[in-house]
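Computed over heavy atoms, backbone and side chain alike; hydrogens, waters and symmetry mates excluded. Keep in mind it's a predicted model, so treat the numbers as computed, not measured. Each chain gets a letter, A, B and so on, in the order its sequence line appears, and its residues count up from 1.
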Amino acid sequence: MSSGHGPPSAERLVPAIAAVGLATSWQLPAAPTDAATWSALTALVRRERLEGPLALAVASGSLATTPDQAAEVAHLHEQAMATVLVRERRLVAVAEAFERRRIRWRVLKGSAVAHVDEIDPAVRCYADVDVLVAGPDLAIAYAELAALGGRRHYDAPSEGYDERFGKGAAWTMPDGVEVDVHRTLALGPYGLAVVTEDLFAATAPFEVAGQRLLALDATRRFLHACYHATLGRSRLVSLRDVALLTPRDEHEGRHALALARRWRGEAVVAAAVAEATTRLALRRRDPLTAWALALRPRARDRRWLAAYRGPLASSAMRTLLAAEALPGPAVKVAYARTLSRGRRRPGTAPDGVAPWPTH
Amino acid sequence: MTGVVAEERWVQAPRLLERRLLDGHLLLPARGDERPVVLRDTALAIWRAIEQPRGLDELVAALARSYEIDPATIADDVRGAIDELHHLRLVRPCP
């Protein structure tokens, strides 16, 4: 590793694995690690979904391994990629159904980053299919998922909530694959502050098994990576996405920040870029990174961020603060009404709003 | 052997999901409910050699050249591998 004495611990090695192939100050050890460290490292790699970067580290010679360790990496990577291909098969089926019904939708996160941004698609591991669907098309999309045999995890708290205020819903398909449908990029105030129509304004096409798919464009993929890293379950793979997608030049950076400002998400972006820069020991100092490292969140952002991270974080807090992000009293009242009209049924989350898995 | 005849031409199946592995290639048809399949070594060489349609004799000759061996010694093995890849829906005969 770049600093310290003695053999590096698994906890210090795993960010270096996450940063393989990036401009990083981390250096992996020149000799294979001992068995105990290796065992702890592979457990962390699985938890952080870094089997792809680990395989890349071995293939590129960045990480020294014993023959047995190299064989274990090959096995771990093969398992992770088998999981990914089953998810991609489900994505293709969903794409065919959504395209048939002319639903406005985009591919998010894992599959998009794998095919559009990563060094090789085999570097990006993921466990769910994530898609963005335009609010007015949600009901049709949900009907299509149900027709494919899907089961929604939780009902909406009331009629109209999904299309207007919801983040989306998670579905489990007959093959066990989870399809996470997003209407916006996060729960709570930051999610409601996103101008969702902006998400569909620019795209990046890619192809999987002959199926043409559309991801968000690079700016929006970057912003989504930041929202996920800051407001969702924080994994190193999410920080790697942020690092891969951070705009290189000033013009692109300004464009991304202008959109983030419009969505009142500058503090979200700054937190993600600063965390990726620090934890992955990124060497780059582009204007956006410099801005992110210098930004001190305003009072409103400190309050909003606390609803997602830290000891005060809770779904109740996010639900409460969400009203602050809504424009004007009429919309706030409508939001409160959709929550108070709650139609709890078995399988519905306790507060009707919280069930979205944060990964 | 079942079904594979010398006159047939073979090509990689369309609509395959795939990933490169450290020691092979992972493949899965985009439709169906199979588990992904790993191809390594000879099976992978055969699959890669029919990215464009090829007759069985032509394929055997190309692989024999590549491995510097007598075509007659590998013809049955190649036919068997094609049969297995066809069963897995990773290759298809083409007109």
Quiz item: Checking heavy atoms, do the side chain of B:Leu16, its backbone, both or neither come under 4.5 Å from chain A?
Solution: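 Only the backbone of B:Leu16 comes within 4.5 Å of chain A.
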Quiz item: Given a strict heavy-atom distance threshold of 4.5 Å, which part of B:Glu18 is in contact with chain A: side chain, backbone, both, or neither?
Solution: backbone
Self-check item: Toward chain B, the part of A:His75 with a non-hydrogen atom under 4.5 Å
Solution: neither
Quiz prompt | Minimum heavy-atom distance B:Leu26-A:Ala82, with the two atoms named | solution = CD2-N, 3.3 Å
Is the shortest heavy-atom distance from the side chain of [X] to the side chain of [Y] under 4.5 Å?
{"X": "B:Asp33", "Y": "A:Asp175", "result": "no"}
{"X": "B:Arg19", "Y": "A:Glu88", "result": "yes"}
{"X": "A:Glu96", "Y": "B:Arg31", "result": "yes"}
{"X": "B:Glu34", "Y": "A:Arg89", "result": "yes"}

Against chain B, work out which of [options] has the most heavy-atom pairs shorter than 4.5 Å and name it.
{"options": "A:His115, A:Arg90, A:Glu207", "result": "A:His115"}
{"options": "A:Val92, A:Val208, A:Leu85", "result": "A:Leu85"}
{"options": "A:Ala74, A:Gly210, A:Ala70", "result": "A:Ala74"}
{"options": "A:Ala209, A:Ala93, A:Gly52", "result": "A:Ala209"}

Quiz prompt | A:Met81 vs B:His25, side chain to side chain contact (heavy atoms under 4.5 Å, CB included): CA-CA, chis, key distance, verdict | solution = CA-CA 10 Å; A:Met81 289 300 108; B:His25 208 81; over 6 Å; no
Quiz prompt | Within 6.0 angstrom of B:Arg89 CZ, more than 12 heavy atoms from elsewhere | solution =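 Yes, CZ of B:Arg89 has more than 12 neighbouring heavy atoms, counting only those of other groups under 6.0 Å.
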Quiz item: Charged N to carboxylate O below 4.0 Å: is that the case for A:Glu78 and B:Arg35?
Solution: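 No salt bridge links A:Glu78 with B:Arg35.
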